[in-house]
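See structure below.
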Amino acid sequence: MKKRHSLLERQINQRFGGEARIPEALRGFVEDVDAAYREFDQDREMLEHSLDLSSNELLQANAELRAVFQAFPDLFMWLDSDGRILAVQGGQNDRLALPDRIIGRCIQNVPIEGLGGRFLGALIAARENREVVDFEYKLPIDGVERNYEARILPLVNGRLLAVIRNITDRTHAEQERNRASRLDSIGLLAGGIAHDFNTLMMVVLANLSIVQMEANGEESQEILEETRLAVLRTRDLTQQLLTFARGGEPIKKTTSMGDLIRESAAFALRGSKATFDLQIDPDLQPVEADQGQMSQVLNNLIINADQAMPSGGTIRIVASNALPDECSMTRSLNRRCVKIAVIDQGVGIAPDQIDRIFDPYYTTKGRGSGLGLTTCHSIIQKHGGCLAVNSKLNQGTTFTIFLPASDSSLTPSRPASRSMRQGHGLILLMDDEEDVLRSSRRMLQALGYEVVCARHGAEAVELFKAQLDVRPFDAVIMDLTIPGGLGGAETIELLRDIDPHVKAIVSSGYSNNPVMANHLHFGFRGVLAKPYDLRRLGAILSGILAKQDDVASD
């Protein structure tokens with residue numbers, strides 16, 4: 001018989017002694033037992049090997065699972081049936097909670113006061129109904145209010161999993177989309193009203209400028225000047241409506257924001273108790289901007305900062321070059337930006353008001369239209385940038401503008417002339433509004449021009465052809481939109497077919513057309529935004545007829 005299994009050998013020695021002989025009758029039985037022992041050893045070795053493999057695989061799986069949890073920005077918390085936190089994974093980039101502070105505590109007691117009931121209710125519903133329960137809440141983390149989403153999932157044996165996600169960026173993006181939708185809706189109405197109002201003001205301002213030109217006497221001139229300024233202030237309010245109207249486009253050119261900031265700060269704080277401290281990067285990159293609209297933004301923000309400090313103080317304005325990832329709205333630009341921060345030391349904005357400050361007609365002041373910040377927000381959006389706000393009650397407010405930097409270089413600008421530019425020549429004037437046509441003709445005649453009028457594009461083309469061999473028109477001024485007829489955009493193509501060198505100016509009281517923002521691309525030499533007066537009309541015509549196309553703009 002071959003060597004017996006060691007365990008069987010020990011048992012025989014204990015039972016019969018080391019020298020005992022196994023009876024022949026029991027030899028087969030002993031061999032069967034020996035074989036069973038050996039088979040048991042083989043099974044045990046296989047089991048141990050299998051367990052060893054399973055342990056390694058389990059360790060590997062656990063390591064991979066931990067890596068997955070670490071990769072997620074979410075915070076995962078395993079809870080017992082009472083909501084006590086047993087383990088925590090993930091959420092390493094968030095200051096929501098640290099494991100050494102929350103393990104062993106009940107999740108309903110971890111958040112700030114007032115949220116415990118919501119967590120407890122979600123735990124009970126998930127545990128008893130075996131369903132996923134989620135809700136959103138806010139927490140102040142490091143002094144900044146952030147938005148979170150909690151999702152409670154039932155596991156086995158009464159245990160639960162809580163997944164906490166920071167949704168601050170998503171919430172802000174949704175707020176931006178909702179705000180943009182509201183602006184579009186109101187803009188449809190506001191734009192139409194503003195366009196009609198501009199047409200009426202065009203007549204008032206044109207006739208007023210003619211009367212002022214011819215009036216004698218210091219008192220008469222003073223009254224007329226006060227009236228003109230009142231009309232211009234009304235025009236500015238209408239322009240605010242147009243700015244956030246749907247489709248309104250800025251008329252951009254390469255601009256130094258540093259110069260605009262200096263001018264706006266000096267103008268807005270004239271006579272104020274507040275002072276300003278400018279910190280402008282000497283290497284500040286230029287931007288592509290509508291200078292008038294950007295001045296409006298800066299003036300509004302600086303005036304708001306001044307009003308937030310009724311006893312006076314210092315308004316800091318910091319302008320620097322920045323990377324696009326400093327603002328969530330400009331990350332997709334993948335280019336450098338210009339960052340402008342207007343910082344006050346005032347009363348601040350209450351948390352329940354800060355989400356509404358960009359809404360149309362919302363104001364916390366006793367006076368004001370509630371359009372200032374709405375307009376600022378819309379202007380910055382239309383320039384491809386974003387406007388952010390950060391405020392604490394009784395500690396101050398910071399408004400931060402991000403604008404895409406321009407790839408173009410600044411060109412020196414010529415100072416604008418304040419004198420009335422008289423001229424001579426034959427002008428073709430096209431407009432469907434009889435009052436506008438009449439008042440614009442009077443201004444042109446007062447400046448020394450001869451005028452022929454047309455009420456739509458087809459008539460303008462026929463007049464242009466008729467004069468070509470007799471006395472060609474020196475310039476053409478066309479309204480952009482003619483209901484039921486050819487407007488300026490269609491007519492310019494027909495005129496250029498007749499004369500590729502036609503000197504045409506586009507005019508409109510509504511900036512919802514890209515022609516107004518990019519008139520050169522469409523074949524126009526200049527642009528006149530309604531309402532305009534004698535001085536503006538004379539300056540643009542003078543530039544056009546002198547072939548100075550770069551100054552022939554509004």
Side-chain angles (χ1 to χ4, degrees), residues 54-179 325-329 331-332 351-352 354-355 386 388 390:
S54 297
S55 298
N56 289 335
E57 290 172 355
L58 185 59
L59 290 173
Q60 178 66 23
N62 284 338
E64 292 175 357
L65 190 59
R66 281 195 298 271
V68 170
F69 282 129
Q70 294 298 328
F72 273 91
D74 302 340
L75 186 67
F76 297 86
M77 294 188 284
W78 285 264
L79 319 170
D80 66 13
S81 58
D82 295 324
R84 187 171 288 102
I85 300 169
L86 305 175
V88 177
Q89 285 285 351
Q92 298 303 311
N93 296 325
D94 205 319
R95 295 293 304 279
L96 171 65
L98 299 176
D100 59 347
R101 286 169 41 196
I102 64 174
I103 289 179
R105 297 176 61 190
C106 289
I107 190 172
Q108 59 265 35
N109 297 328
V110 171
I112 60 173
E113 184 179 355
L115 285 175
R118 298 185 68 184
F119 269 93
L120 183 59
L123 291 173
I124 294 172
R127 186 182 62 211
E128 295 184 355
N129 300 330
R130 304 294 300 169
E131 63 182 12
V132 178
V133 179
D134 53 37
F135 62 92
E136 296 179 7
Y137 62 94
K138 295 181 180 180
L139 274 182
I141 305 296
D142 295 335
V144 179
E145 189 173 69
R146 301 181 186 176
N147 299 82
Y148 289 91
E149 178 185 67
R151 178 166 292 187
I152 312 298
L153 302 88
L155 301 178
V156 296
N157 300 325
R159 293 193 174 188
L160 302 154
L161 175 64
V163 183
I164 310 298
R165 172 171 295 182
N166 187 330
I167 58 171
T168 304
D169 286 346
R170 187 184 80 188
T171 302
H172 288 172
E174 290 174 354
Q175 290 172 347
E176 288 295 326
R177 286 194 295 270
N178 292 336
R179 184 176 292 122
D325 57 6
E326 290 191 38
C327 175
S328 60
M329 295 289 291
R331 285 174 190 157
S332 60
D352 61 336
I354 201 162
D355 288 338
C386 68
N390 184 28

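Annotation: the span from Tyr148 atom OH to Asp74 atom CG amounts to 11.5 Å, rounded to 0.5 Å. Arg105 contributes atom CZ, which lies 12.0 Å from atom CZ of Arg84 (distance to the nearest 0.5 angstrom). Between atom CG of residue Leu160 and atom CG of residue Asp82 there is a gap of 9.5 Å, rounded to the nearest 0.5 Å. Residue Asn166 holds its CG atom at 11.0 Å from CD of Glu149, rounded to the nearest 0.5 Å. Leu115 CG to Tyr137 OH: the interatomic distance, rounded to the nearest 0.5 Å, is 7.0 Å. One finds the CG atom of Leu120 at 13.0 Å from the CZ atom of Arg118 (value rounded to the nearest 0.5 Å).
Here the side chain of Asn129 pairs no donor or acceptor atom with the backbone of Glu131 at under 3.5 angstrom. Listed for the Arg130 side chain is a donor-acceptor partner under 3.5 Å among the backbone atoms of Leu155. Checked by atom type and distance alone, the side chain of Arg127 never pairs as donor or acceptor with a backbone atom of Gly158 at under 3.5 Å.
Here Glu136 does not pair with Arg165 in a salt bridge; the nearest charged N to carboxylate O distance is not below 4.0 Å.
Shown here for Pro154 and Ala126, the closest heavy-atom pair between the two residues is CB-O, 3.5 Å.
Side-chain contact between Val133 and Arg151 is absent, with no heavy-atom pair separated by less than 4.5 Å.
Heavy atoms of other residues, nucleotides or ligands lying less than 6.0 angstrom from CZ of Arg159 number 12 at most.
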Worksheet item: For Val88 and Leu75, what are the C-alpha separation, side-chain angles and deciding distance, and is it a side chain to side chain contact (heavy atoms under 4.5 Å, CB included)?
Response: CA-CA 7 Å; Val88 177; Leu75 186 67; 3.6 Å; yes

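When the options Leu86, Leu161, Leu123 are evaluated for a side chain to side chain contact (heavy atoms under 4.5 Å, CB included) with Leu79, the one that passes is Leu123.
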